[in-house]
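A quick write-up on the structure given underneath.
Naming convention: chains lettered A, B, ... in sequence-line order (proteins, then strands); numbering from 1 in each chain. These values consider heavy atoms only, across backbone and side chains, with no hydrogens, waters or symmetry-generated copies.
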Amino acid sequence: MTFDINVILAQLPAILSGAGVTLLLWIAGTIGGAAVGFLVAVGRRYGGRLIDWPLGLAVEVLRGTPFLIQIFLLYYGGPFIGLALDPIPAGLLGLTIYGAAYFSEIFRAGFVAIPKGHIEAAECVGLSQGQIVRRILLPEMTMLVLPPAINMAVILMKETAILSIITVPELTLTVSAIGSQQYAFVESLFLLAVFYWVLVEVTDKLGRYAEHRLSRYRFSPT
Amino acid sequence: MSFKLFELLLKASLYTIGISLVSILIGFTIAILLSGMLLSGRRALAVPARIFISFFRGVPLLVQLLLIYNLLPVIGLNVPSIVAAIIGLSLCTAAYQAENLRGGFASVPRGLIESAEMVGLTPSQAFRRIKVPIALRLTFPALVNEAILILKASSLVSVVGIVELTRMAQDLAGSTFLPLQLFACAGLIYLVINWVVARTGGLIERSLPGVPR
Amino acid sequence: MTLPAIAVRTLVKRYGDTAVLHGIDLEIPPGQVSCLIGPSGSGKSTLLRCMAFLEEATSGTITVDGEVLGFSEHSNGLRERIPATTNRAIRSKIGMVFQQFNLWPHMTALGNVSEALRTVHKMSRKDAEARAMEQLVKVGLEARAGHYPSQLSGGQQQRVAIARALALKPKIMLFDEPTSSLDPELTGEVLNVMRDLAAEGMTMVVVSHEIGFAATVGSQISFLDQGRLLFSGPPSEVFGKPRHPRLEQFLDTYLDRGASMLV
């Protein structure tokens with residue numbers, strides 16, 4: 001067997017465009033998922049039972065089913081309820097909803113983990129509600145939420161590969177397509193594996209660095 | 001959607017359960033080996049284990065499955081695709097389970113081993129009678145979690161042609177033009193399976209005697 | 001002159017560059033209660049852990065009942081590690097009680113006490129549990145035999161831990177701050193068990209902040225400060241006035257632990 005990665009690398013522009021789509025979907029999906037997830041967490045905490053219950057059910061369904069099934073339902077089932085989306089928007093929407101479910105749980109845990117005493121202490125020294133949120137709650141939340149949020153971002157990065165199944169022209173689809181054209185499928189998959197591996201490791205390292213920088217804010221939850 | 005279709009989905013879900021169960025068990029066995037390498041204190045063993053874990057946690061499962069599926073024939077192993085699928089899932093879950101086990105062993109308080117030493121247990125007795133049972137109890141919730149992750153991840157073996165729950169729904173959706181109903185049904189079946197696993201896991205966990213945190 | 005239960009000779013313990021024990025010499029008389037007191041970080045727990053060979057001393061020797069434990073030291077300064085089986089045999093004369101109890105969470109109280117009888121002494125389950133039960137009766141916990149540690153209060157857990165050590169019929173009992181992680185209202189039940197044990201003539205070495213216990217039950221009080229044994233003697237001598245200024249200072253901070261009766 002010959003192992004020639006150059007036949008793949010020869011198509012660099014196509015690879016870069018695929019990588020671009022992957023990065024775009026990942027970053028947009030992560031930011032969107034975190035934003036929606038935050039709103040869901042706030043809604044469930046302060047919105048009363050009528051909001052908490054249906055949102056909680058949705059989160060459980062999203063967390064209890066495979067991402068692939070969710071994507072299939074959205075992409076192939078969508079048109080039947082008037083939601084005919086192209087692969088990229090469908091993929092982005094799916095990734096955002098999926099990410100939001102997990103992010104909402106991360107934020108919820110963050111809310112719960114901040115000791116009431118910290119807020120009471122802030123009230124006692126005369127901080128206003130706004131000041132408490134800005135000066136106490138958000139910084140403490142960041143520290144608590146950062147490690148699982150980075151973990152979730154890494155998971156979402158890997159989930160973008162699944163979008164190739166609904167023909168989103170991201171990296172996995174692009175590179176494996178080149179691989180089958182050039183009869184170099186194994187080479188193309190090696191290249192993919194290395195790309196994702198490096199990206200995940202770099203994200204992980206950056207995350208750890210950020211955690212380390214923030215670690216002076218750490219407190220021991222009681 | 002007819003009952004016939006639902007029945008086909010249910011049958012296919014047995015594949016999902018079977019593949020996941022076998023993969024988790026094989027993965028657990030490999031994970032014991034890997035965590036042993038990590039905790040051996042020897043670089044020659046720990047470094048390869050760390051690279052293995054980093055790779056299988058860092059590469060999307062889809063890419064892993066395609067790679068294994070296409071690589072095996074190239075290196076002269078012509079195995080059925082279901083074997084390739086199980087190998088892929090097993091290696092992936094092994095990486096995660098190894099991390100869980102390592103964490104479990106590392107969080108057994110040192111004092112519990114010292115007290116075993118003080119009543120005369122040999123190091124190997126202390127390991128078997130004290131450390132292993134406590135570490136396994138500490139990692140049990142993570143194991144249940146991992147089982148659920150693998151049940152969901154097993155949907156990806158559909159890409160190498162295994163007609164498990166997801167692939168069955170996909171095939172039927174193609175022939176019946178009922179994607180909404182079929183994928184919703186498949187999702188519901190996954191949900192029920194995972195709920196049962198989580199509940200059973202929770203019941204077992206509660207029946208285990210308390211463990212220090 | 002009777003043989004000391006434990007003899008500590010010029011014991012030095014260093015962690016890297018910092019010395020925690022600077023050449024301790026101490027003899028533990030048999031059949032009596034010896035108390036090690038001193039401020040936090042004075043090295044008293046480290047000294048006790050060296051006596052049990054849970055810590056390896058940097059130099060110096062520990063002799064238990066006439067037998068060298070851990071490392072033997074030749075006259076030319078060469079240290080030689082004693083084989084593990086020998087160490088285990090010597091250590092079987094010692095029972096140890098820890099600050100954190102260190103009960104095994106996956107075994108019941110009875111399981112904790114009978115474990116070593118079964119795995120080390122190869123007793124049948126029935127015999128081991130019968131002997132374990134005797135010990136639980138002794139600490140007043142026979143009714144809790146089937147409970148897991150998580151179902152017991154701290155004081156009860158510590159009494160089970162004492163029973164676990166006693167089940168092996170040790171000649172010497174070491175207590176490493178046995179009441180320090182207990183709520184104040186639970187320290188009494190543990191101290192009472194220890195008093196009973198002292199009354200039976202058990203050789204005990206107790207590291208504790210319970211000055212009242214040390215003054216009333218102890219026969220030998222050793223005061224450690226910054227890794228040095230400042231003095232050692234009967235309580236009347238150690239606590240009698242005039243006192244060493246470091247001890248005076250130390251007692252002032254422990255008025256609520258029974259030191260007030262001495263002031």
Which portion of C:Leu117 sits near chain B, non-hydrogen atoms under 4.5 angstrom: neither

Within 6.0 Å of CZ in B:Arg199, more than 12 heavy atoms from elsewhere: no

C:Ile94 versus chain B, the contacting section by heavy-atom distance below 4.5 Å: both

Most contacts with chain B, counted as non-hydrogen pairs under 4.5 angstrom, among C:Gln99, C:Arg49, C:Gln100, C:Arg91: C:Arg91

Neighbour count >12 (heavy atoms, 6.0 Å) for atom NZ, C:Lys171: no

Geometric class of the B:Phe105/B:Phe127 ring pair [parallel <30°, tilted 30-60°, perpendicular >60°]: parallel

Best-contacting candidate, C:Gln151, C:Glu115, C:His121, against chain B by heavy atom pairs under 4.5 angstrom: C:Glu115

Sidechain N-carboxylate O distance under 4.0 Å for C:Glu56, C:Arg79: no

C:Phe71 atom CZ, over 12 foreign heavy atoms within 6.0 Å: yes

Top contributor to chain C interface from B:Arg129, B:Gln125, B:Arg110 [non-hydrogen pairs under 4.5 Å]: B:Arg129

Part of C:Ser92 within contact of chain B (heavy atom distance under 4.5 Å): neither

